[in-house]
Amino acid sequence: MLQAMAQAEVGDEQKGEDPTVNRLLGMVAELLGKEAALFLPSGTMCNHIAIKVHTQPGDSILVDQQSHILRSESGGAAFLSGVIVEPLAGERGRFTHEQVKASITSGSLYQPATRLLCLEQTHNFGGGTVWPVEQLDSVCQVAHSAGLATHLDGARLFNAVVATGVSARQFAAPFDSVWIDFTKGLGAPLGAVLAGSQAFINQARRYKHIFGGALRQAGIIAAGCIYGLEHHIERLQEDHANAQLLGLGLAKIAVVEVDLTHVQTNMVYFNTSRTGTNEGQFLQELLKQGVRMGMVGTQIRAVTHLDVSREDIIQVTTAIQQLLDN
Ligand SMILES: *Cc1c(COP(=O)(O)O)cnc(C)c1O
């Protein structure tokens, strides 16, 4: 990947003249089945720009209660777009078309108009869980028939593709806008691509300038993203197998609570609360052994990725077993 980056042909990205960025945009638009695409520095900026294009200040948008837009973007939707973020009580990040229907308001003197439905595939804080394509289609259909736009946060879309065999294009089909991240499973240092209709991307490009996301010789970054697309998609299967292995290993430790039915992709959520262990302290101890995990709410989140091998997983399981036995 570094070699590809070092050898990249470059140009002025904000003028649309970087050949490597343009090649990446063509690849992503094709993969996602959209007319056009836009290169951005981060996934968060993809969400912000999409929300900005799809709404006016004072509108409301529907998201899952555990969504990245609501929980991890520092109120950006309110700050940058002036929208009300309406949380849906999803189950592991997934909600039903009935819930969507019941939450849409058409706008009045008293109520904001609901303009946009957002969802995540896979769902991060839901556990790396996958939306079945039928459920995804049904919520989007309800949204569209009420005049809403639909937006897919596809930070980990390829994890869902690899886990199900459904194509990225099929998952993206019912959405007006969709983006993928290169810094998650695909293993690039920087970059995300937002896709949609040509009209959507034209507007998005203006907000990219306004938000300070227009770049110069971005080809060095885009080359890493292309490398990720060409070499790191199929291998996500290894991350999924490693998450399964970790989940199974943790399930054998009596004091660990882990629900294996939710280990669907590259994440394992678990807790050790039955031992009365201080989880913060536990994670500190684990870090001393070179294993970094994080807290999401009351759960510990372990994420497998291309720098974690099967042998590492076995070592991690042993380390946890020892820590909790002491
Ligand atoms: C990581 C992530 C983002 C944000 O992406 P960045 O590139 O880190 O800004 C958005 N949504 C989800 C679901 C994510 O996991």
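Residue numbers count from 1 along this sequence. Counting starts at 1 for both ligands and their atoms, following the listed order. This structure is a prediction, so every number in the text was calculated from the model and none was measured.
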Within-4.5 Å side-chain heavy-atom neighbours: Arg301 and Met293: no
Residues Arg205 and Glu13 bridged, charged N to O under 4.0 Å: no
Proximity of Trp179 to ligand 1 by residue part, where a heavy atom lies under 4.0 Å: side chain
Pair Trp179 + Phe39: ring centers closer than 6.0 Å: no
Backbone or side-chain N or O of Glu120 under 3.5 Å from ligand 1 N or O: no
Proximity of Phe200 and His54 rings by center, below 6.0 Å: yes
Closest protein heavy atom (residue, atom, distance) for atom 11 (N) of ligand 1: Asp153 OD2, 2.6 Å
Residues Arg310 and Glu238 bridged, charged N to O under 4.0 Å: no
Those atoms of ligand 1 less than 4.0 Å from some heavy atom in Arg156: 14 (C), 15 (O)
Minimum non-hydrogen distance to atom 10 (C) of ligand 1, winning option of His48, Gln66, Met45, His68: His68
Working for salt bridge (Lys or Arg N to Asp or Glu O under 4.0 Å), residues Glu91 and Arg94: CA-CA 5 Å; Glu91 178 73 27; Arg94 298 199 311 261; over 6 Å; no
Per-atom contacts of ligand 1 with Gly43, taking only distances under 4.0 Å to non-hydrogen atoms: 5 (O), 6 (P), 7 (O), 9 (O)
Backbone or side-chain N or O of Asn47 under 3.5 Å from ligand 1 N or O: no
Any N or O of Lys184 closer than 3.5 Å to N or O of ligand 1: yes
Summary of salt bridge (Lys or Arg N to Asp or Glu O under 4.0 Å) pairs that have at least one residue in residues 184-198, sequence neighbours excluded: Asp181-Lys184
Backbone or side-chain N or O of Asp181 under 3.5 Å from ligand 1 N or O: yes
Side chain to side chain, Leu324 and Phe282, heavy atoms closer than 4.5 Å: yes
Region of Thr44 that comes within reach of ligand 1 [heavy atoms, distance under 4.0 Å]: both
Side chains of Gln264 and Gln244 in contact at under 4.5 Å (non-hydrogen atoms): no
Enumerated ligand 1 atoms positioned under 4.0 Å from heavy atoms of Asn124: 13 (C), 15 (O)
For ligand 1, the portion of His123 having any non-hydrogen atom under 4.0 Å away: neither
Contact (N/O only, under 3.5 Å) between Ala155 and ligand 1: no
